[in-house]
Amino acid sequence: MPTLGRDEEVIQGAYGIDLSPRVERLRDYVLNDATWADHYAPRAWLVAESMKQTEGQPPLFRQAAALAHVIRNYPVTIREGELILGYQQHESFRGIGWLEFDNLTNGERREALRNHVQNLSIPDEWKQKVFDAIDYWREHPRVIPHFWPQTPDYISRDTRAGVYFGGGGSEGHTVPGYERVLRHGFHAILEQIDGEIARLQPWKPDDQKRKLWLHSVRLIAAAACELGMRYAEELRALATRESDPLQAEEYRRLADICERVPARGARTFHEAVQSLWFCHLIMGWEDGINANSFGRYDQYLYPFYAADREEGRITEDEALELLEAFHLALYKSYDVQQATIGGQNPDGTDATNELTYLFLEAMWRVNLIRCLSVRVHRGTPRRLLESAFRLIRRGGGVPFFFNDEAIVPALVEKGIPVEDARQYAIIGCVEVTIPGKTNPHAVSHMMNVAKCLELAMNDGKDLATGEQIGPQTGTLADMPDIEALWNAYKLQLEHFARHAVELSNQGDLAQPFRFPLPYTSILTDDCIARGKDMTDGGAHYHYHSTCAIGLPNVGDSLYAVDQLVFKEKSVSPDELLEALKANWEGEEREKLRQKVIHRLAKYGNGNGDVDRWVERAAHHYCDHMATYTTPHGGSFHAHLFSFVWHLDCGRATNATPDGRKAHDPLAYSVSPQQGRDVEGLTALMRSLMTLPHEHAAGSSSAIIEIAPKLLDEVSLDKVLDVVQTAIDKGVGQMQFNVIDSATLRRAQENPEAYSHIAVRVSGFSMRFCLLDKTMQDHIIARTKHEEM
Amino acid sequence: MHSPEHPHKSDSQIPSTAVKGRIFDVQTFSIHDGPGIRTTVFLKGCPLRCVWCHNPESMETEPDVGFIPAKCIACGQCTLVCTHEGHAIVDGRHVFQRGLCVRCGSCTTECPTGALELAGKEVTAAWVMSEVEKDRMFYERSGGGITLSGGEPLMQPEFSAALLRLARDSRLHTAVDTSGYAGHTVFDRVTALADLVLFDIKMIDERAHRRLTGVSNRRILRNLQRLLRDENGPKVWLRLPVIPGQNDSPDAIQNLIDFCASLWGNPRLEAIHLMPYHRLAESKYQEFGKRYLINGTHPPADEDISAIIRRFSERGVPVTRS
């Protein structure tokens with residue numbers, strides 16, 4: 001059984017699944033084609049070409065015209081064996097494909113880009129076109145307006161100190177309403193736009209604005225109607241030249257599909273998948289391949305699949321092959337083009353269908369790790385969890401689990417009707433949206449709550465530099481009890497929250513000028529009806545997600561201060577502050593740190609006394625952020641998620657009372673500080689259950705490290721019981737990382753950080769078990785064996 | 001056998017919640033000690049001295065002081081509290097003279113790093129149950145409950161009986177993991193309160209049993225017969241440790257197979273598990289200053305275990321690997 005996680009091992013072909021020769025070939029295209037990564041170049045010159053032709057026109061119109069030009073002229077590439085046509089350019093946002101955002105008045109940057117292009121394996125003719133594009137942008141630098149002339153000093157200072165950062169933008173993070181194109185085609189969207197244009201009363205000022213917008217996006221919809229046709233023509237040409245009659249027939253069959261979609265509604269499953277892919281290609285041309293996600297594809301593709309099966313037009317194996325091809329078309333060395341499967345129907349019943357399983361099966365078979373999320377709820381079939389864990393077992397951490405029991409009520413709390421809330425889907429890593437209806441401003445800003453606590457203990461001053469950053473809320477020595485520190489922490493956080501919200505709202509207000517999203521907008525309700533871009537208030541739902549980073553550290557720290565300073569009184573406030581300022585250095589301070597680490601309870605072990613502080617901090621964050629408003633009347637959704645910023649925030653944060661040293665990473669999202677959870681899986685879950693997931697509409701996130709042994713046949717059943725209990729109790733999001741031999745190696749070098757790696761053996765007490773080097777080597781060898 | 005409705009005389013003297021016992025661990029998410037997800041309570045003290053024992057800190061009734069040098073920062077805090085000069089810092093390194101230790105445990109409460117830890121504390125049954133109750137939701141989902149292990153739970157019959165009774169009262173599935181070595185009154189009284197008994201069979205040959213565990217197995221085998229005869233008694237899972245070079249000779253295995261074959265079919269006997277030797281206990285021997293007599297033993301190869309399972313199966317006895 002293959003248990004691979006890392007791409008390099010996959011490339012070596014160490015898998016034992018009988019893929020069809022076609023899929024083997026597609027897989028080879030993806031993994032071994034050295035040139036595929038270079039195919040993003042055309043966007044660069046096509047945009048510049050269009051811009052030359054639209055000099056002097058309004059910016060929005062020019063941007064839409066440029067995208068339409070890309071759709072009409074992007075080279076058509078078709079390789080033998082492909083079932084899903086259309087090459088997705090590789091490079092993500094702000095690479096060479098996005099020259100308009102590059103600083104090309106800078107000679108060095110130009111030179112670097114030229115050298116880069118020179119080394120690409122693309123035709124010389126293409127290279128020349130990219131050089132021309134670079135020259136165009138040098139001569140016509142794009143002015144990127146901000147909402148304010150400059151960032152306020154206090155925000156610069158706070159971000160420099162690492163208290164918060166962000167920008168409020170929303171490019172690259174959406175789930176558009178693809179379902180509409182699948183059902184009715186871009187022609188339907190074009191007709192809707194034309195209908196709105198016909199109803200305009202241009203003597204009214206608002207309609208003047210709408211007119212410009214509608215005419216601009218019309219260019220895109222019209223071009224999108226022609227995209228399939230360009231492929232159809234090429235396919236027919238190939239069919240004529242093809243000597244193998246079977247292959248010629250396949251080209252003709254594919255040509256029929258592309259003639260139909262995405263212009264018109266799909267009639268078959270294959271047409272629907274191809275239509276989806278075309279929609280997604282355009283998405284990548286608009287704002288890059290980053291976290292542009294698919295949403296609930298097992299749901300909106302299902303009617304097409306079911307009809308084909310009913311009519312006998314497709315077998316399960318054929319559908320699976322198609323999904324494998326889709327999966328391979330999607331594969332890139334890095335991106336987070338997330339997809340969501342499973343979950344509830346709008347009426348609350350379970351939405352799992354055959355496609356849900358087929359998507360998991362396709363990912364299993366293709367054996368390349370891609371973002372995939374499974375929505376779960378109380379009524380999720382056990383079989384779906386089992387299928388998901390089969391994938392998890394081989395490493396890579398996917399799929400993630402998102403719990404409807406927490407996220408739906410959290411969205412409803414934000415005023416989203418429950419039927420819509422139950423349609424939520426995941427963007428990118430761990431971001432929540434209502435597909436086709438939302439401008440979600442994912443990860444709009446990040447708040448380092450651990451830094452807020454640092455400032456709360458020290459009168460608003462940085463512990464190391466003494467710089468006054470936050471308001472003067474007193475030092476620990478002035479505080480009579482832990483509630484005083486808690487109040488100071490809240491004051492600091494609320495002070496910075498106002499600034500962070502200012503930053504996000506500025507970014508939101510600037511976005512329509514800086515980078516509107518006309519294509520995403522025509523696939524987002526109610527932009528066309530309102531004649532407004534989604535970045536300008538056109539979307540049905542608007543909100544921002546605001547990330548809290550370091551909550552577990554705040555909770556552990558508040559508990560530690562309460563115990564040591566106020567309850568035991570074994571340490572004076574000044575002693576503790578000095579210890580933190582000195583980064584715990586010195587014999588007595590190190591002793592104190594050891595005591596904090598080993599003798600005080602920590603979040604993650606099911607201890608209510610300490611968990612309560614993390615819960616309190618998380619709850620306060622959710623409640624407080626809900627008091628702010630976004631430019632289009634939305635709110636800030638608490639997002640208990642750190643992505644990789646717990647490393648950056650850690651670097652910006654001095655020593656904390658939880659025993660963490662200065663600049664060490666903070667805890668990941670709402671997972672315990674690394675190595676502090678030592679009581680096992682159920683205790684960890686009990687801690688997670690205490691948190692207010694049902695108020696975090698941006699989702700929470702927890703990575704749970706798990707030994708491969710726990711996923712063997714005997715143990716998996718019990719792990720699933722734990723997962724189902726966690727679902728019942730409303731834990732928001734869970735992702736399981738199977739510990740691999742590399743992790744164990746790191747554990748050997750730094751045992752303290754990995755003391756949560758536990759095994760279970762019948763009748764064996766782990767409590768005093770310390771694995772010595774030989775023993776660890778043995779387990780590493782064993783794990784490696786199991787990985788093979 | 002006594003039924004729970006007719007408590008032993010000593011039971012009624014104090015309420016179950018107040019009965020005290022000595023334990024060295026309460027381990028949540030135990031998944032190999034009976035059905036479902038369980039919390040295993042490890043009781044201190046054992047009458048056997050199996051050379052392969054994987055919980056060396058369980059053997060003695062008295063508390064044991066464990067010392068993990070890797071965690072020690074030689075801060076000397078222990079030297080300040082030890083009344084018997086058992087700890088010293090010599091050339092910046094900590095030296096623990098175990099011979100002087102009276103196991104009072106004061107160093108272990110003082111040690112900031114957890115390098116010194118005490119195995120064995122006296123607790124009430126009520127305290128244990130409050131720990132066990134925390135995972136109730138997981139037992140309910142998985143059909144799990146509480147397992148008494150050790151050590152030997154039968155060495156603390158009042159305490160074990162109190163725990164089992166409290167667990168039953170709160171509708172938890174109860175299991176006892178035992179060597180079966182106890183007087184039959186005690187054996188009956190405790191096991192009658194369990195839903196499941198995890199019963200170790202280490203060797204069939206009595207002399208070898210005595211040599212490797214320090215006790216005869218006559219009582220053990222007799223207790224097992226009693227258990228299997230009782231129609232209203234608990235379910236039984238037999239657990240057969242396989243220790244290379246100790247109890248896995250062809251003869252010894254053959255004896256086990258014959259023995260199990262003679263029992264299989266008994267309605268009380270639900271399962272038989274092989275428990276292959278593992279080396280995780282090695283470090284604990286060092287920590288507790290005990291000699292590991294089978295140091296260097298390698299765990300049995302997967303093929304060897306499979307071969308044994310096959311031999312059982314040929315005799316019509318389904319055996320699984322734990």
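Because only heavy atoms are used, hydrogens play no part in the values below, and waters and symmetry mates are left out as well, while side chains stay in. The shown structure was predicted, so the numbers you read here are calculated from the model rather than taken from an experiment. Proteins get letters first, then strands, A, B, ... in listed order; numbering begins at 1 in each.
Counting only heavy atoms from C-beta outward, the side chains of B/F29 and A/L710 approach each other to under 4.5 Å. At a threshold of 4.5 Å between non-hydrogen side-chain atoms, the residues A/M689 and B/M137 count as touching. Side-chain contact between A/D721 and B/F138 is absent, with no heavy-atom pair separated by less than 4.5 Å. Using a 4.5 Å cut-off on side-chain heavy atoms (C-beta onward), B/D135 and A/R686 make contact.
Taking the six-membered ring where tryptophan is involved, the planes of B/H278 and A/F764 are perpendicular, since the angle between them exceeds 60° and thus also 30°.
With values rounded to the nearest 0.5 angstrom, B/R141 atom CZ is found 8.0 Å from A/I727 atom CD1. Atom CG of A/D712 and atom CZ of B/R321 lie 9.5 Å apart (nearest 0.5 Å). Considering SG of B/C75 and NZ of A/K595, their distance stands at 12.0 Å, rounded to 0.5 Å. Note: B/I31 CD1 to A/K709 NZ = 9.0 Å, rounded to the nearest 0.5 Å. The CD atom of A/Q724 lies 11.0 Å from the OG atom of B/S142; values are rounded to the nearest 0.5 Å.
Within a 6.0 Å sphere centred on NZ of A/K729, other residues, nucleotides and ligands contribute 12 heavy atoms or fewer. Within a 6.0 Å radius of NZ in B/K235, no more than 12 heavy atoms belonging to other residues, nucleotides or ligands are found.
Side-chain N or O atoms of B/T28 include one that pairs as donor or acceptor with a backbone N or O of A/E679 at under 3.5 Å. Of the possible polar contacts, none joining the A/K718 side chain to the B/I37 backbone as a donor-acceptor pair under 3.5 Å is found.
When B/S58, B/G36, B/S30 are compared by the number of non-hydrogen pairs under 4.5 Å with chain A, B/G36 comes out ahead. Taking chain A as the reference chain and counting heavy-atom pairs below 4.5 Å, the highest number among B/G34, B/C111, B/G150 is found for B/C111. Interface summary for chain B: among A/D728, A/L592, A/L720, A/D717, the most heavy-atom pairs under 4.5 angstrom belong to A/D728. The candidate with the highest count of non-hydrogen atom pairs below 4.5 Å against chain A, out of B/Q77, B/M275, B/H54, B/K134, is B/H54. The choice from B/D33, B/T109, B/T113, B/L198 that makes the most heavy-atom pairs within less than 4.5 Å of chain A is B/T113.
Considering every non-hydrogen atom in both B/H32 and A/S715, the closest pair reads CE1-OG, 3.7 Å. In this structure, A/E590 and B/I73 approach most closely via the heavy-atom pair CG-CD1, 4.1 Å.
Neither the backbone nor the side chain of B/P276 comes within less than 4.5 Å of any heavy atom in chain A.
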